[in-house]
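Heads up: the structure comes next, in structure tokens.
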Amino acid sequence: MAKCDAADSLILKIAVPVPLDRLFDYRPSELGNSAEFQRGARVLVPFGKRQCVGVVMGSANGSTLASRSIKPVIELLDNTPLLSALDLQLLEWAARYYHHPIGEVVATAFPTALRQGLPATLQCERYFAPTAAGRAPDVDLGRATRQKDLLRRMLSREPAWSAAELAGHKPALRALIDKGLVEPRMPDPSDGPVVLGAALAANPDQQAAIDAVGADLGRFAVHLLEGVTGSGKTEVYMQIIARTLALGLQVLVLLPEINLTPQLEQRFRQRFGVGIETFHSNLTDRQRQQAWLSMRAGVARILLGTRSALFTPLREPGLIVLDEEHDGSFKQQDGFRFSARDVAIARAKLLNIPVVMGSATPSLESLANVAQGRYRLSHLPHRAGNAKPPAFQVLDIRGKKLQAGLSEPLVTAIGAELAEGRQVLLFLNRRGYAPVQICHDCGWVSRCHRCDANLVIHAGIHKLRCHHCGYEQALPRQCPACGVGELQALGLGTERIEETLKELFAGHRIVRLDRDTTQCKGALEGYLQQIHRGDADIVLGTQMLAKGHHFPNVTLVAILDIDSGLFSIDFRGGEKLAQLIVQVAGRAGRAELPGRVILQTRHPRHALLHNLLSHGYRAFAETALSERRAAGLPPFGYQALLRAQAGNAGAPQQFLGAAIQCLTDFTQSGVQVLGPVSAPMVRRAGLYRYQILLQSDKRPALQRLLDFWVPRLADLREARSVRWSLDVDPLDLY
DNA sequence: AGCACGCCGACT
DNA sequence: GTCGGCGTGCTC
């Protein structure tokens with residue numbers, strides 16, 4: 001065979017996880033067969049002075065580079081590609097759409113273990129099932145009750161149990177394996193009933209939704225399931241999933257929060273006798289690797305995961321479910337800033353499968369897509385079991401005396417509810433004791449020296465803490481400025497409300513749920529169980545109360561301060577507040593115990609409140625959408641935000657100035673360029689932050705500008721002294 | 001992002 | 001005399 005020059009022979013195009021938006025050329029290897037290097041396989045390559053795990057994205061005959069500068073691949077890590085052609089197409093599309101380096105985008109598709117180059121081997125001992133001996137009716141386990149219980153449980157459900165489910169029964173499992181009654185065995189979708197638990201009887205609305213999505217199985221469609229809290233969205237998901245599984249297809253279920261996975265996982269395991277895996281940041285690298293590989297191999301049929309699970313390969317993709325689609329945590333807020341909701345839809349389109357998205361408070365983006373006929377809407381307007389929607393009451397607190405933020409009528413209402421032996425839920429979106437400490441004599445206030453923000457009093461741990469950079473210091477006893485003044489806590493946080501509630505309602509059990517009380521693993525579950533058992537009378541908390549959990553014995557919900565949300569600078573502030581109010585309100589009540597929601601405000605006649613409370617979320621959304629349309633804001637305009645930050649204010653300003661200069665050469669615009677301006681909080685964690693907002697009513701126009709702009713930004717010399725990032729479809733403009 | 005090279009201040 | 005500061009440049 002003739003020796004050929006490397007530059008004329010086959011060259012591999014490799015995606016390397018570095019922030020450089022290009023592929024790198026490599027020779028297959030010194031002697032290797034180039035046909036082995038398939039698109040989607042991982043390779044170990046020399047990169048500068050180090051080694052990187054890259055992914056084969058393609059090949060070419062020859063290279064534009066001098067052949068001597070092209071290095072050979074060190075090792076082919078996968079004999080079969082880990083990602084399919086469609087998976088790679090999705091990643092390539094996402095890299096282009098978000099203008100993010102391809103190597104980093106491809107890396108996000110892999111769990112950490114595979115990113116590090118570990119072998120892609122699926123452990124057999126992930127699943128266990130009773131053997132023929134274990135199935136025999138006359139198994140005698142004597143007095144080994146734990147083993148007996150475990151075997152009985154395992155026999156109750158086919159076909160196989162995952163290691164995760166059996167984690168709490170290791171000794172009994174070991175013993176059963178040693179006795180030959182249980183063996184490691186991969187589940188086979190054909191070896192047992194797929195649906196175990198009986199489906200609940202669907203009401204007509206649920207049935208219509210199930211049928212609508214069911215009719216679209218096997219083709220691309222987006223369904224928006226708008227269902228009030230407690231309307232049985234999960235049952236609809238499960239019945240559609242059952243149909244998908246019956247076709248021998250897999251399901252990807254995306255949730256906004258890790259907190260919500262355990263509950264749903266439990267319900268799914270009771271219903272479905274198939275391999276179910278979870279994928280979220282609370283799992284170990286190894287668990288995530290195994291979950292990923294199980295879905296890729298088709299061993300597991302359902303994956304429950306957060307944003308990071310979106311790119312998991314599916315052997316037989318059938319359906320994507322995305323719950324709480326309005327939730328902001330589907331948008332990645334650093335690095336590769338993708339929206340898992342939008343990319344999920346792009347993925348479904350590529351795979352030609354349907355997506356079902358659900359929410360009680362759909363995003364305005366999704367409602368606009370429904371109006372334009374791109375998404376199909378199914379509506380579940382009724383709560384299950386004839387539960388009535390909560391009654392809202394706006395409590396005007398102007399001029400009223402407040403006791404730690406609680407007005408007298410509210411205190412009375414809480415007392416009346418407690419006297420009836422019912423639970424009360426109080427919501428305040430501010431944790432800590434008080435948002436600032438102030439000296440009554442000299443006016444000193446507790447400021448963070450790294451951020452344009454106040455230090456928050458955390459009385460429980462005797463500290464002042466910055467919620468933006470994490471800085472903390474001991475709570476001063478004397479004024480650091482004048483040394484003599486009396487220090488006061490200004491404003492309210494959940495800790496302080498808790499203190500007041502303890503005085504006002506002594507003898508009642510109060511549970512506070514916020515990031516501070518639930519940061520410990522398992523703490524949230526513990527509190528939730530306590531509340532469900534009825535061992536709590538007053539539940540007090542922040543944001544996290546609005547998410548997913550239902551408190552059937554709660555009859556009164558109070559939102560202590562909505563005014564800060566009414567006058568947000570962010571154009572999405574109104575949408576977020578309306579969603580919050582509806583979501584918090586949805587936590588309460590059931591059929592025989594209707595809920596009541598009290599909102600304390602100094603703006604009882606505010607249009608948003610009036611519209612939302614008298615006419616409902618959809619009416620609010622209509623109004624908000626027409627305002628957005630008039631202003632050309634999303635979803636009627638498309639945005640991208642260029643951010644820059646550095647330790648001094650000059651560098652980001654100069655960089656953004658130069659970035660604007662680049663655009664003078666770009667004539668075919670149709671894009672508004674707003675800025676550079678400082679971020680609403682200029683200094684954060686010691687960095688000065690500035691930004692440029694781009695807006696256009698045509699997505700292609702914005703994309704054309706970014707195609708021109710982003711490569712040039714990377715080459716600016718001013719870019720070297722700042723950290724910059726581009727956010728396409730930003731959710732927060734700061 | 002890493003990781004090198006490269007030229008100027010306070011230390012065993 | 002050196003250790004180490006972060007500016008600058010490169011990665012197939």
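Each chain gets a letter, A, B and so on, in the order its sequence line appears, and its residues count up from 1.
- With respect to Leu319(A), the side chain to side chain contact (heavy atoms under 4.5 Å, CB included) criterion is satisfied by exactly one of Val251(A), Leu351(A), Ile302(A): Val251(A).
- The CZ atom of Arg50(A) sits 10 Å away from the P atom of dA4(B) (whole-angstrom rounding).
- In the model, Asp25(A) has a side-chain atom that pairs as donor or acceptor with a side-chain atom of Ser63(A) under 3.5 Å.
- For Arg447(A), the CZ atom counts as densely surrounded, since its 6.0 Å shell holds more than 12 non-hydrogen atoms of other residues, nucleotides or ligands.
- Note: CZ (Arg68(A)) to P (dC12(C)) measures 13 Å, nearest angstrom.
- Judged by distance alone, the side chains of Glu575(A) and His326(A) never bring a donor and an acceptor atom under 3.5 Å apart.
- Contact detail for Val673(A) and Leu694(A): the closest heavy-atom pair is CG2-CD2, 3.8 Å.
- Gln51(A) has its CD atom 18 Å from the P atom of dT11(C), to the nearest Å.
- Leu65(A) places its CG atom 11 Å from the C1' atom of dT11(C), with the value rounded to the nearest Å.
- Using a 4.0 Å heavy-atom distance criterion, Pro17(A) is classed as making no nucleic acid contact.
- For Met57(A) and dC12(C), the CE to C1' distance is 16 Å, given to the nearest whole Å.
- One can place NZ of Lys49(A) at 11 Å from C1' of dT11(C), the figure rounded to the nearest angstrom.
- Scanning both residues, Lys547(A) and Leu260(A), for their nearest heavy atoms gives O-CD2, 3.6 Å.
- At the heavy-atom level, Leu20(A) lies under 4.0 Å from base atoms of the strands shown.
- Without hydrogens or angle criteria, Asp514(A) side chain to Asp516(A) main chain gives a donor-acceptor distance under 3.5 Å.
- Computed from coordinates, the Phe37(A) CZ to dC12(C) P distance equals 16 Å when rounded to whole Å.
- Nucleic acid contact class of Phe47(A) (heavy atoms, under 4.0 Å, all strands): base.
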Check nucleotides 7-9 of chain C for protein N or O atoms closer than 3.5 Å to its own N or O atoms and list the pairs.
unit_1: dG9(C); atom_1: OP2; unit_2: Arg720(A); atom_2: NH1; d: 3.2

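- Distances shown here put a side-chain N or O of Lys71(A) below 4.0 Å from the OP1 or OP2 atom of dC12(C).
- Separating the CG atom of Asp334(A) from the P atom of dA1(B) is a distance of 12 Å, rounded to the nearest angstrom.
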